[in-house]
Amino acid sequence: MHLSIRPRRGCLVLCLTLSLLTLLLQSLLVPETSREMPPGKSPAVNDGPQHSVRRLALRLEALSSQIQRLTRDNPPSGLHDLIQALQRFKQDHENLVHTMERELLRVSQKLDQLLQRNPTAGPHNLTPLRGHPEACEVPDDPNFPLCAGKVQFLRVGWRSDPCYVFYGVDGSDCSILAYLSEREDFCPPAAGRGHAAGTRGHQEPQGEKREAQIQTDLSALYEVIGSGRGPVVKFMQSRIKRLARKWVEAGEKMRQKIAHRSQQRLKVLLYPGVLAGGAGQHFGDMVDRGGPLGELVQWADMSATLYLLGHNLTFTSSQSHMHSLIGAAPGKGSCPIQSALPFDLLYTDYHGLVQLQGAMGLSFQHYRCRFRVLDSFGTEPAFNLGEYAHRHGYSTAWGSWSLQPLQYMTMFPHTPDNSFMGFVTEELAEEAQTHEKENMAVVYGKQDYMWQGKERYLEAISQELEIHGTVYQEPGSLPRLPGYVTNHGLLPQDQLLGLLRRAKLFVGLGFPYEGPAPLESIASGCVFLQPRFQPPHSPQNSEFYKGKPTTRQVHSQHPYAENFIGKPYVWTVDARNSTEIRHAVRTILRTQVEPFTPYEFTSEGMLERVFAYVSHQDFCRAPPPTWPPESTLVPHLGAPGQSCVAACHQVSLVCEPALFHLLNSPASFKRLGLTCSGAVTEVSHLYPAYHRRRRLCCLQKETLLFSCAGGGPGLRRLCPCRAYQPGQVALCQGCL
């Protein structure tokens, strides 16, 4: 086939082809790296694989940029197949890059740190490791069966990570034994010496504990957030300031609600890993170009919530600052942190988990119960438990951290297996609530690629309404939009809300998924129109959801708006059916709607929810306290193949994973009128369940796999359902 292209495009095609070949060669040269590493054992330094992975990531980024430039330039049809193939290739390699970089990222991070530190200089507080005798005997203690092996490892590998020298190891058995007993817990302590100070996981941060008091002066919060720089910090600060009046009003109401309740003032570290390092610079650049802001909205609102509740916050988006805050030892992450972790709770994201693991070394496992992970799309238990995920085909680049599933905190109540953190919807100001609506529609899509392929959908709407856009414009260029669109360019938030106050309709294009903007439009008195997905989008058929740790079937662009709000505020249509679209728009034009905000997305609702989480969610106790209370449990037997999410929803309840342990016994089946021919206890995210054909009661062996999601043929799942407060699905009646 002959393809005629201009010289500049010919160079791009050649560049893309060479990039493709380079990526193939690099992917063959990079060996697979095990996710799990035995405690105390550091991987051998191997610059080849590490640099190959970094080159692979850079190549993928360059490849993405080239594809975007081609797309903006309206490529001829002959290049269409090539672009699609390269996009699929990039997606296929992303999981490999994430997985391998997760293990190797620690090395590059620590090398950067070592450029500014002296790795051979011992810390100021290592006197216990000094003055050891010249000869020491390796103890044979049955209570410490790994001691001899660890000593042997460090005899050979004590130079493999500068952190060992930092903690006083010089290759002698005495220094090794002192380290393994006083910094790790593999060997017994010598007489008169301490033990494993750096790895105790449940020590409380030092300092006197005080009661948390509701704060209504936000000035100190601006200083906390302002410790960072750039457009990201500017965005967060401006958002908090715009909502300041709402926050203060909600704080006063909250003070009255909890007048007879007390909550301990906690030391909290807020570390959005996505903003750290090179990735943070890229994310910051996107803020001014119409990039995704949902994560920043949630970080800003969560910071305000925890501050108003009276907790002591530290915010950082710098890896080096994070290292100093937690007391990380210089090196490659093989050693524990220098002293007990000074924070009661650490809020981070998936990127931050990788960085914290690299910085904390052995201490990461001991303090994992204190993590709270902001997770936009949720992590189901089957993806969370590493070994189980690997064996059963649920392994992705984002899961396998083996946390309690409720430690993941989502933007929307995607799955009750996680904790719904949420955010605050910017509500319509009182003085603007009577603003006259115009026959205009604003399109939800700040970058022009989101508009491509939606011509028929938008054409049908344009026959009834004026179409306005807020699409980012590169300097000296125009976005590719239909001629009937009035584009305002990327608008500041206050101007965008002003535009929504004038508009009758907010039009979803199918992407981005599940962002804050649809709720903001509804709060401004707009109706949200969105496409229906047929078939539903999932990791099996969507490039976006591919690799995400969820099995959700997404039936529309914004499932929460469709299922929890619905008509007359939300209309979901077939974007390929012009007749259905026009009928919906005409009906909307005849309908008068008032501004509406779900209670759980107000400042007061978020304060209630986070107060309850901080008061009751304690994952450092074994077993954790039962919350919600046992009295809220409503056992329900699902239909064959039905998930507990669907089974509870069918009876107007919600699945509560924290109550699964109350049903995990043969007696629970008997109370529901089922006769068990036998009982088995196995590891499965579908248990407890009743096997219909065999009349077998199947019980759960691994508590981390208690899951509201998932269903299997022939299985009737035993589900812990509960009622919830109107407008506050995360809380049961009386659970505040």
Side-chain angles (χ1 to χ4, degrees), residues 263 266 268 270 272 294-295 297-299 301-306 309 311 344-350 352-353 368-385 398-399 401-424 514 548-550 552 560 564 598-601 605-621 623-629 632 644-645 648 653-661 703-709 720-725 727-732 735-736:
Q263 190 175 83
L266 302 180
V268 180
L270 306 175
E295 291 89 347
V297 165
Q298 194 176 29
W299 276 105
D301 293 353
M302 187 187 64
S303 302
T305 300
L306 290 166
L309 290 175
H311 299 294
D344 299 282
L345 292 174
L346 292 87
Y347 287 83
T348 187
D349 51 27
Y350 264 121
L353 278 180
R368 65 191 308 138
C369 61
R370 299 188 188 181
F371 290 113
R372 303 293 184 268
V373 184
L374 269 66
D375 178 9
S376 297
F377 297 95
T379 299
E380 294 174 7
F383 297 85
N384 171 59
L385 192 61
W398 302 105
W401 286 95
S402 300
L403 302 176
Q404 292 288 341
L406 289 171
Q407 289 178 256
Y408 299 100
M409 317 204 90
T410 59
M411 287 191 68
F412 293 95
H414 304 305
T415 168
D417 290 315
N418 305 147
S419 297
F420 163 45
M421 169 64 75
F423 58 92
V424 174
E514 303 175 293
K548 300 292 192 298
T550 178
R552 277 201 305 144
Y560 177 88
F564 286 83
Y599 179 74
E600 55 199 355
F601 285 97
M606 189 167 181
L607 282 171
E608 284 185 3
R609 195 162 55 249
V610 175
F611 178 85
Y613 289 156
V614 174
S615 298
H616 299 290
Q617 288 185 339
D618 184 355
F619 303 111
C620 294
R621 289 171 56 182
T626 298
W627 184 82
T632 64
C644 283
V645 174
C648 294
L653 301 174
V654 64
C655 178
E656 179 50 70
L659 302 178
F660 260 116
H661 69 282
T703 58
L704 287 180
L705 283 175
F706 281 135
S707 175
C708 293
C721 306
R722 65 161 171 85
Y724 54 89
Q725 294 182 19
Q728 185 76 290
V729 69
L731 301 182
C732 64
C735 279
L736 180 59

Check whether any side-chain heavy atom of [X] lies under 4.5 Å from a side-chain heavy atom of [Y], and answer yes or no.
X: L345; Y: F371; answer: no
X: F377; Y: T410; answer: no
X: Y347; Y: P272; answer: no
X: E295; Y: M411; answer: no
X: P413; Y: F564; answer: yes
X: T379; Y: Y350; answer: yes
X: H414; Y: R552; answer: yes
X: R609; Y: E600; answer: yes

Item checked: Audit row: L266, V614, side-chain contact (heavy atoms from CB on, under 4.5 Å) steps and yes/no -> CA-CA 9 Å; L266 302 180; V614 174; 3.6 Å; yes
Next item on the list: Could you check M409 against D375 for side-chain contact (heavy atoms from CB on, under 4.5 Å), going step by step and ending with a plain yes or no?
Entry: CA-CA 6 Å; M409 317 204 90; D375 178 9; over 6 Å; no
Notebook entry, point to check: Which one of C708, C721, C648 satisfies the disulfide bond (SG atoms under 2.5 Å apart) criterion with C655?
Noted result: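 It is C708; the other options fail the test.
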Hey, could you give me the [atom1]/[atom2] distance between [X] and [Y], rounded to the nearest 0.5 Å?
X: M302; Y: M606; atom1: CE; atom2: CE; result: 7.5 Å
X: Y613; Y: T305; atom1: OH; atom2: OG1; result: 12.0 Å
X: D349; Y: Y408; atom1: CG; atom2: OH; result: 12.0 Å
X: E656; Y: C735; atom1: CD; atom2: SG; result: 8.0 Å
X: L403; Y: R372; atom1: CG; atom2: CZ; result: 9.5 Å
X: C732; Y: L653; atom1: SG; atom2: CG; result: 12.0 Å

Search all heavy atoms of [X] against all heavy atoms of [Y] and return the closest pair with its distance.
X: L385; Y: S402; value: CD1-OG, 3.6 Å
X: A612; Y: L731; value: CB-CD2, 3.7 Å
X: L270; Y: L306; value: CD2-CD1, 3.9 Å
X: L736; Y: H616; value: O-NE2, 4.1 Å
X: P405; Y: N418; value: O-ND2, 2.9 Å
X: P720; Y: F660; value: CD-CE2, 3.3 Å

Checklist line | Aromatic ring pairing F423/F412, orientation class (parallel under 30°, perpendicular over 60°, tilted between) | finding: perpendicular
Item checked: Check: F420 ring centre within less than 6.0 Å of F601 ring centre -> yes
Checklist line | Under 3.5 Å side-chain donor-acceptor pair for Y599 and Q725 | finding: no
Next item on the list: Would you sort out whether E380 and K548 count as a salt bridge (charged side-chain N to carboxylate O under 4.0 Å, His left out), showing the intermediate values?
Entry: CA-CA 10 Å; E380 294 174 7; K548 300 292 192 298; over 6 Å; no
Note to self: With side-chain contact (heavy atoms from CB on, under 4.5 Å) as the criterion, how do D344 and V268 come out once you've worked through the C-alpha distance, each side chain's angles and the decisive distance to 0.1 Å?
What the structure shows: CA-CA 6 Å; D344 299 282; V268 180; 5.8 Å; no
Note to self: As a quick check of understanding, evaluate side-chain contact (heavy atoms from CB on, under 4.5 Å) for H661 and T626, giving each step before the final call.
What the structure shows: CA-CA 9 Å; H661 69 282; T626 298; 3.3 Å; yes
Item checked: Any donor-acceptor pair under 3.5 Å from Q728 side chain to G605 backbone ->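 Pair found, side chain donor or acceptor close to backbone of G605.
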Check: How would you list, by chain and number, every residue that makes a side-chain hydrogen bond (donor to acceptor under 3.5 Å, both in side chains) with T415, sequence neighbours excluded?
Finding: D417
Item checked: Of S419, P416, P624, the residue whose pairing with L406 passes side chain to side chain contact (heavy atoms under 4.5 Å, CB included) -> S419
